[in-house]
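Every chain is numbered from 1 and lettered A, B, ... according to where its sequence line falls, protein lines coming before strand lines.
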Amino acid sequence: MKNSLKEKFLSPSKQTYQESFGKIISSFCILIIIALVVSILGFVTTKGIDTFTQSKINVFDFLFGNVWSPSSTGANGKPEVGAAPMIVTSFTVTLISAAIATPFAIACAIFMTFIANNRGSRLLRSTIELLVGIPSVIYGYIGLTLVVPLVRSIYGGTGFGILAGAIVLFVMILPTVTSLTVDSIKSVPDYYIKASYGLGATRWQTIYKVVLKISLPGILTAVIFGMTRAFGEALAVQMVIGNSITMPTNLTTPASTLTSQLTTGIGNTIMGTLQNNALWSLALVLLFMSLFFNILIKIIGKRGAAKYES
Amino acid sequence: MGKILSTKNLRLYYGKSEALHGISLKFLDGEITALIGPSGCGKSTYLRCLNRMNDLLDNVTITGTIKLQGKDIYSPKMSKSEIRKKIGMVFQQPNPFPFSIYDNVAYGPRISGVKDKKVLDEIVETSLKKAAIWDEVKDDLKKNAVALSGGQQQRVCIARTLAVNPDVILLDEPTSALDPISSVKVESTLMDIKKDYNIILVTHNMQQASRISDKTAFMLNGRLIEFDKTEKMFLNPENKITSDYLNGRFG
């Protein structure tokens with residue numbers, strides 16, 4: 001009797017087995033995901049640096065060169081793969097769409113959390129969430145049939161260009177930015193709001209001086225999430241931007257972003273050639289930018305958290 | 001002495017159920033009035049009626065009158081924010097904004113439109129002095145108020161309320177989240193400032209009520225059972241229920 005009790009206490013219980021079983025399964029899944037990320041990074045990197053190692057293209061020529069023509073030879077005897085026009089266009093489109101989307105998103109979020117009653121806020125929320133589910137080709141098509149002619153009729157020219165791209169992207173990132181902003185505003189503790197009202201602040205003063213101030217790191221994160229999405233969006237942008245690889249001089253002439261050039265070009269080049277490798281280099285730039293945005297989000301999130309804990 | 005706050009036959013309904021059954025009380029300037037009673041007796045609900053904080057909740061109906069200096073604070077002509085500037089509130093959980101100590105205290109004056117740096121500096125200093133925390137924080141006004149200890153945070157909150165220059169200060173169990181030493185400091189702060197204000201204090205702590213209040217109101221199940229001078233109430237209560245509660249027979 002005594003022995004069996006001792007055995008029972010010394011041998012691992014059923015729960016211990018379940019625990020280690022669960023640990024094995026989850027570590028296995030995590031390993032697969034890590035392997036996936038590492039191999040994507042590795043693949044894009046090896047492909048992307050071929051342009052610089054095999055074809056001996058200077059990295060600075062690539063990043064700052066203005067002419068993109070991988071199949072012809074330039075003045076220095078090397079193919080022209082200047083990606084600067086696409087990098088500039090990508091940033092411009094992203095910044096403009098985020099700049100338009102941010103005030104709309106904040107206004108929607110404030111309306112949903114402070115002004116609308118429950119039903120109105122639910123209606124608005126589901127409308128905005130519906131926007132997420134629409135495939136990007138539909139956005140591109142709507143942009144093509146509505147936004148491009150509108151820009152054309154106002155500013156002349158073809159209508160294709162950065163402005164049309166930014167407007168389409170604005171609608172596409174609005175739901176992301178809005179719902180993250182709502183989350184950030186809702187996470188402002190109720191006792192700060194009560195304290196503000198208790199000191200005689202009006203609703204607007206409370207929103208402006210307390211709620212927005214405290215949720216600022218969260219709102220910034222939301223905007224950067226939106227920018228990440230705008231930077232990476234390919235199809236819809238490709239349909240409205242005009243796909244002309246020139247350094248943009250204004251917002252209403254055709255241009256091309258990194259992503260739109262990738263989608264346009266990748267099917268028309270042969271694996272292993274410079275034309276193909278140069279596209280992979282563009283992909284590498286995109287990847288680094290996403291990484292950069294992600295790090296930015298982490299830093300802002302940490303700063304915001306430090307404010308509460310200090 | 002024009003800072004008298006009084007309620008007459010105050011009833012409050014959550015939906016259709018009546019939570020406060022007609023409470024009439026009068027609070028005088030220069031006194032601390034303690035509201036005591038077991039949990040759920042309605043004392044905090046009653047307190048929140050006094051500066052219209054219950055307006056923030058849905059589905060609350062209030063009848064009866066609450067008058068500050070003879071003016072009905074629920075009349076449609078009164079602005080809520082003006083009332084809350086006159087009747088300040090300190091909450092149970094210390095809740096300074098996650099801003100600097102200076103910005104916390106200057107919040108009230110700033111929303112009232114004070115912009116002059118000199119005036120703000122002076123308001124911040126006198127308010128912190130009145131709340132007996134100036135000596136502890138004067139070298140560090142730029143420090144985030146959230147980094148202070150709980151007791152210091154609560155005194156910053158009192159200073160923040162004083163900075164609006166209210167007539168009445170409502171305190172909802174201001175020391176229940178604090179350790180005994182911090183509680184004593186907050187209590188002595190209240191004793192120091194009471195001559196200039198009309199202070200109404202909800203407390204669970206009967207010793208606290210007997211230590212610092214001039215008058216005490218005992219509430220039970222949404223009714224006012226007894227209201228009298230604190231000394232009389234604790235030594236010789238009129239009502240048997242009051243005596244039972246004060247002697248710890250229930251609650």
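Proximity to chain A among residues 42-58 of chain B is limited to Met53(B), Leu56(B), judged by heavy-atom separations below 4.5 angstrom.
With values rounded to the nearest 0.5 angstrom, Phe99(B) atom CZ is found 10.0 Å from Lys209(A) atom NZ. Rounding to the nearest 0.5 Å places NZ of Lys194(A) at 9.0 Å from CG of Asn95(B). Atoms OH and NZ, from Tyr197(A) and Lys80(B) in turn, are 8.5 Å apart once rounded to the nearest 0.5 Å.
Using a 4.5 Å cut-off between heavy atoms, Pro96(B) contacts chain A through its backbone alone, with no side-chain atom that close. Heavy atoms closer than 4.5 Å to chain A are found in both the backbone and the side chain of Phe97(B).
Sparse packing is recorded around OH of Tyr208(A), with 12 or fewer heavy atoms of other residues, nucleotides or ligands lying under 6.0 Å away. More than 12 non-hydrogen atoms from other residues, nucleotides or ligands lie less than 6.0 angstrom from CD of Glu129(A). In Lys86(B), the NZ atom is not crowded: 12 or fewer heavy atoms of neighbouring residues, nucleotides or ligands sit closer than 6.0 Å. Enclosure of atom NZ in Lys115(B) is not indicated, since only 12 or fewer non-hydrogen atoms of other residues, nucleotides or ligands lie within 6.0 angstrom. The number of heavy-atom neighbours closer than 6.0 Å to CG of Asp116(B), taken from other residues, nucleotides and ligands shown, is above 12.
Counting only heavy atoms from C-beta outward, the side chains of Tyr192(A) and Pro98(B) approach each other to under 4.5 Å. Leu199(A) is not listed as a side-chain neighbour of Arg84(B), based on a closest heavy-atom distance of 4.5 Å or more.
The two atoms that bring Ser81(B) and Thr202(A) nearest to each other are OG-CG2, 3.9 Å, heavy atoms only. When every heavy atom of Ala195(A) is checked against every heavy atom of Phe91(B), the shortest pair comes out as CA-CE1, 3.8 Å.
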